[in-house]
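Order of the sequence lines fixes the chain letters, A, B, ..., with proteins taken first and strands second; residue numbering starts at 1 for each chain.
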2 protein chains.
Amino acid sequence: MSQPNTQESCQAEHTSACTVREVLDRVGGKWSIGIIIAASDGPVRFTELERSIEGISRRMLTLTLRHLERDGLLTRTVFPTVPPRVEYVATEMARELYESLVSLTGWAQRHREAIAAARDAYDRERGLAG
Amino acid sequence: MSQPNTQESCQAEHTSACTVREVLDRVGGKWSIGIIIAASDGPVRFTELERSIEGISRRMLTLTLRHLERDGLLTRTVFPTVPPRVEYVATEMARELYESLVSLTGWAQRHREAIAAARDAYDRERGLAG
DNA sequence: CCGTATCCCAGCAGATACTG
DNA sequence: CAGTATCTGCTGGGATACGG
């Protein structure tokens with residue numbers, strides 16, 4: 001959720017590294033992806049999200065929702081009823097983003113074991129000898 | 001660079017959100033992507049990286065290199081010469097990862113203005129009235 | 001129901017100095 | 001050259017309590 005240093009440090013020429021980081025700065029937060037997914041199938045209410053996300057605190061839910069809304073990834077709709085009713089839904093832009101992100105899952109699944117093995121090896125070398 | 005809460009909170013059923021987060025936990029750090037790219041075209045030395053990355057500190061360079069090496073994304077080769085010579089090169093796995101990440105640049109470029117506009121609108125509403 | 005406010009901490013990250 | 005050590009600040013994020 002750190003939105004600082006993106007624009008100023010990306011001076012056009014630095015290739016795509018900066019562009020990738022721009023995206024990561026927006027959805028790299030711990031809960032962003034989960035929320036986008038949950039709000040991709042249609043409007044969801046605050047409390048629904050709170051229950052379905054599992055482990056998220058009220059505070060982080062609100063904060064992340066605000067960030068995503070600010071970036072135009074989520075649309076917030078308030079129904080002036082009592083008790084209040086607020087619905088969030090992923091924008092088209094957000095759904096496209098998620099599609100792009102999903103290509104990462106293929107990579108993750110293909111290499112999950114290799115990563116674990118690398119870690120094991122690394123930790124053994126550093127753990128015993130060094 | 002936060003590698004905690006990935007495995008324990010991903011209990012199989014939670015869809016791809018967790019998988020995406022696994023990747024993000026490994027490569028979401030501020031400098032990871034830049035380093036992977038720099039080490040994708042062939043071996044690079046420590047000081048080369050330090051100069052080409054622009055803005056990175058010695059400390060963060062070392063830390064990020066260690067993380068990436070631990071996850072099997074970078075290969076570290078030490079030449080026992082004097083002065084010492086250490087080379088880093090992206091593994092095949094890392095290059096594949098980067099290919100996947102590049103699909104994000106398309107999204108970012110298509111929506112960069114929309115995001116900026118959304119932010120402007122959001123900030124205006126909150127800044128003046130609210 | 002849908003938040004905000006406050007306190008607090010861990011971990012990322014910068015600056016600087018020292019070493020094999 | 002290629003790091004490590006130390007000190008410090010900042011912010012993401014958890015816990016809890018309160019408010020419209």
Spacing between [X] atom [atom1] and [N] atom [atom2], to the nearest angstrom:
X       : N      : atom1 : atom2 : result
A:Met60 : D:dA15 : CE    : P     : 12 Å
B:Leu61 : D:dT4  : CG    : P     : 11 Å
B:Ile56 : D:dA2  : CD1   : C1'   : 14 Å
A:Glu54 : D:dG14 : CD    : P     : 13 Å
A:Leu63 : D:dA15 : CG    : C1'   : 14 Å
B:Arg59 : C:dT19 : CZ    : C1'   : 18 Å
B:Arg58 : C:dA17 : CZ    : P     : 13 Å
B:Asp25 : D:dG12 : CG    : P     : 16 Å

Handout entry: Minimum heavy-atom distance A:Leu104-B:Ser100, with the two atoms named
Key = CD2-CB, 3.6 Å

Okay, side chain of [X], backbone of [Y]: is any donor-acceptor separation there less than 3.5 Å?
X       : Y       : value
A:Arg21 : B:Gly29 : yes
B:Arg85 : B:Arg45 : no
A:Thr91 : A:Gly72 : yes

Of the candidate nucleotides [options], which contains the atom at the shortest distance from the side chain of [X]?
X       : options              : answer
B:Thr62 : D:dT4, C:dG3, D:dG20 : D:dT4
B:Lys30 : C:dG14, C:dC2, D:dA2 : C:dG14
B:Ser57 : C:dC2, D:dC1, C:dG14 : C:dG14
A:Arg76 : C:dC2, C:dG3, D:dG3  : C:dG3

Handout entry: Earlier contact from the 5' end, DNA chain D, for A:Gly55 and B:Leu65
Key = B:Leu65

Handout entry: B:Arg110 with A:Glu96: basic N within carboxylate O range, under 4.0 Å
Key = yes

Practice task
Kindly say if B:Arg66 contacts the phosphate of D:dG3, meaning a side-chain N or O under 4.0 Å from OP1 or OP2.
Solution key: yes

Practice task
Determine the contact category for A:Arg45: base if any of its heavy atoms lies under 4.0 Å from a base atom, sugar-phosphate if only primed atoms, P, OP1 or OP2 are that close, otherwise nothing.
Solution key: sugar-phosphate

Exercise for the section: Look at all strands and tell whether B:Tyr88 reaches a base, only sugar-phosphate, or nothing, counting heavy atoms closer than 4.0 Å. Expected result: sugar-phosphate

Practice task
Check whether the side chain of B:Arg85 and the base of D:dA2 form a donor-acceptor pair under 3.5 Å.
Solution key: no

